[in-house]
Structures are given as C-alpha cells and as structure tokens.
Amino acid sequence: MSIDNTDNMPAPAQLAMPAPAADAPPAALGSAEALPLMDAQGAFAPEWYSRFEELQPYAASLARFRRPEALAKSYAHLERMKGYPDPADAKRMAAFRAVVGLPENAADYALVRPEGTPDEVWDETMAAAMAQVAYEYGVPARAMSALSEKYAGESRRLLDACRAHEQEAVEQADAELQEEWGRSYEGNMRLVGDFLHTLGQRAGVDVQAIMENPALRANADFARLMLAAATCLQEAPMRVGSGPDNKDEAYRIAHDPAHPLHEAYMRTNHPQHRYANEQYDRAAFGRLL
C-alpha cells in the first residue's frame, strides 16, 4: 500500500527563496537580477538596455528613447518605411531621406572626378545628371560616389583597351602594306600623303585629322585606293595645248563669267583659285597638275 504524502509538501509557488546576504555583491551585468527595465511611472529606467549584452552596440540609439511607447512608435515607423519609396511620392521620399540620413539636395552628392580620368570618360554634365537621379531615387551618397568611381575606372579601362586594339589594327595594316609594296613602301606613302594634302587644299579641308584617324590608318584598302588615285593623276597624259579646244577652254576660264571656274580663277582669295589656275595652265600650256 503506497502512502500519498503530497499534502504535506509545499506548492512550488510557495517555496521561499533564500534572501541574499546583506553584504552580498550586486548582481552581474546581463543577469536576470540586473537593472530594472522601467520605473514606477512606466518610463525606461536609466541605461535599461545595459542588462542585455546584445543591445550594447545600439546603446547610443536606445538611450534616446525614454518610454516604451516612443520605441514602439519608432519601430512601427521604420516598418512603414521599409524599401525605397516611389520617387513620385515626394512626401514619403522626404521622410525616407530624413530617416535614413540622405542628402537633402542633389548638389550635396558632389560627384568628384576621379584623379586620372580622361576627358573621353568624364563629363560634368553627365555627373550632375547622375547626382540628380541618385537624389530622386534616394541612393546613399557614399554608394553614389563609389558607383561613379567604379564607372570612371571601368570606362578608363575600356578606353585603354579600345586604343590598344586600334593601335594593333594600325600596325597590322602597316605591316601588310610593307610586305605588299616592299621597297616602294616609303615612296608610296609619301605619294599618298602628297595626294591627300593636294585634295585638302583644293577642298579647303585640313586632312591631317583624316590621315591620323585610326579607322582609316587601320584600313589597308584605303591606302591602296589613295595610291591608285594618286598614280592615275601622276600618270595622266600631258596636253600639248595646241588644239583649238584647249585654247578655247583656257579662254573661257579667263573671260567667260558663265564658266564654272571663272570666278575662282579671277579671285586669288577664292578657295578653289589654285585648282582653277592649274586647270587654266593645263588647257593653255599643256602643263601637268
């Protein structure tokens, strides 16, 4: 026969906890017996967050809240602000900037041109436009600065790669022409250059930029065409100038206002004067251009 003696045992809730000794040290930080959370008026006790070790990194922010209602309101506000607001919602975007600590004006982004960035890559107008977009969409200023530096660096790398590729193509075309023309290479290139300068003078065009254009210098066929044109002009048969038609043509250039070259021939400052003069000499005296 078992004996039930539970009536003689005190209930768990009634078990008395031993009182701490009068000279016992205070409870350690972070223990359940640490500083109280709230005072008798329902406000947070000073440094209430100190009893939670995991809250120590946020002590500066938590110290601003005096009552639980303020902390709860702040949390609810942050919940509503989750995610980037629509840029068209000016009021919500302004609140978002204030909460997150974003610049108040697009000019505050102040995108600075990274050192060593060439003109082909950086443009102040583009930088201002990027800053405006960053402001409208609530991009953090530090993130925008990092993005602009990354963009400039990558653009500079691509530009250098393009220039290296262009130079490689120019050298390849030059090597191809040297192999094809052999000992005539230097003479052919001088002939092409003289021919282009002559055309430029007649047309009033500075051909130096054309001759330095990597797209043309890298095209061996362009040099071949220019050489063929220069050779055709150089090898054109001489006109003796004794035929009546040539004499008549020279006369018309000099005296007939209806002739296309008359004005250019008569005006020494005309951009086509040299060409008209050469055509007159050719018709009148049988001279080569």
Side-chain angles (χ1 to χ4, degrees), residues 118-123 155-156 158-289:
D119 294 337
E120 295 90 338
V121 171
W122 188 265
D123 180 79
S155 298
R156 185 168 58 248
L158 291 175
L159 179 62
D160 292 342
C162 289
R163 288 174 173 172
H165 179 73
E166 288 177 347
Q167 183 60 31
E168 181 181 353
V170 169
E171 294 175 356
Q172 182 177 350
D174 191 64
E176 182 180 334
L177 292 174
Q178 288 190 46
E179 182 179 358
E180 178 181 332
W181 291 342
R183 295 180 179 180
S184 301
Y185 171 79
E186 294 293 341
N188 289 347
M189 293 303 292
R190 281 195 300 270
L191 184 59
V192 169
D194 293 342
F195 174 67
L196 286 173
H197 280 294
T198 299
L199 290 179
Q201 290 176 351
R202 292 180 180 177
V205 175
D206 182 8
V207 298
Q208 191 62 36
I210 297 176
M211 296 177 65
E212 294 177 356
N213 190 326
L216 296 179
R217 292 177 58 202
N219 191 335
D221 286 339
F222 175 75
R224 293 187 181 100
L225 287 173
M226 292 299 99
L227 178 63
T231 303
C232 289
L233 184 61
Q234 187 181 53
E235 295 177 352
M238 292 183 62
R239 295 176 180 239
V240 296
S242 58
D245 291 342
N246 291 335
K247 292 285 187 179
D248 182 68
E249 178 71 3
Y251 181 87
R252 290 184 61 238
I253 291 175
H255 299 90
D256 185 4
H259 194 283
L261 295 178
H262 175 72
E263 183 179 359
Y265 177 80
M266 297 300 293
R267 289 173 48 199
T268 58
N269 62 343
H270 193 283
Q272 300 295 326
H273 175 72
R274 180 174 177 178
Y275 175 73
N277 197 57
E278 290 174 343
Q279 294 301 314
Y280 175 85
D281 290 347
R282 186 173 179 179
F285 310 110
R287 293 177 182 174
L288 286 174
L289 293 176

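- His273 and Tyr265 make their closest contact through CE1-O, 3.1 Å (heavy atoms, listed as atom of the first residue, atom of the second, distance).
- Summarising the geometry of Pro214 relative to Val170, their closest heavy-atom pair is O-CG2, 3.9 Å, with the distance given to 0.1 Å.
- Considering only heavy atoms from C-beta on, Met189 comes within 4.5 Å of Trp181 through its side chain.
- For Arg274, the CZ atom sits in a loose shell: 12 or fewer heavy atoms of surrounding residues, nucleotides or ligands are nearer than 6.0 Å.
- By the 4.5 Å heavy-atom criterion applied to side chains, Arg156 and Glu120 are not counted as neighbours.
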* Asked: Can Leu261 and Tyr280 be said to form a side-chain contact (heavy atoms from CB on, under 4.5 Å), step by step?
  -> CA-CA 9 Å; Leu261 295 178; Tyr280 175 85; over 6 Å; no
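- Separation of atoms CD (Gln178) and CG (Asn188) is listed at 11.5 Å; rounding is to 0.5 Å.
- When every heavy atom of Gly193 is checked against every heavy atom of Met211, the shortest pair comes out as CA-CE, 3.9 Å.
- One distance of note links CG of Asn277 with CD1 of Ile253; it measures 9.5 Å at 0.5 Å rounding.
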* **Residues Val207, Leu199; criterion side-chain contact (heavy atoms from CB on, under 4.5 Å); working and verdict** => CA-CA 8 Å; Val207 298; Leu199 290 179; 5.7 Å; no
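- The nearest pair of heavy atoms linking Ala223 to Val192 is O-CG2, 4.0 Å.
- Between Arg217 and Ala173, the shortest heavy-atom contact is O-CB, 3.7 Å.
- For the 3.5 Å distance criterion, the side chains of Glu176 and Gln172 fail to qualify, holding no donor opposite an acceptor.
- Rounding to the nearest 0.5 Å gives a distance of 9.0 Å between CG of Leu216 and CE of Met226.
- The shortest non-hydrogen separation linking Asn219 to Asp221 is OD1-N, 3.0 Å.
- A salt bridge is defined here as a Lys NZ or Arg NE, NH1 or NH2 lying under 4.0 Å from an Asp or Glu carboxylate O, and Glu249 with Arg252 meets this definition.
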* To do: Please assess Val121 against Leu159 for the test side-chain contact (heavy atoms from CB on, under 4.5 Å), listing each intermediate value before the final yes or no.
  => CA-CA 8 Å; Val121 171; Leu159 179 62; 4.0 Å; yes
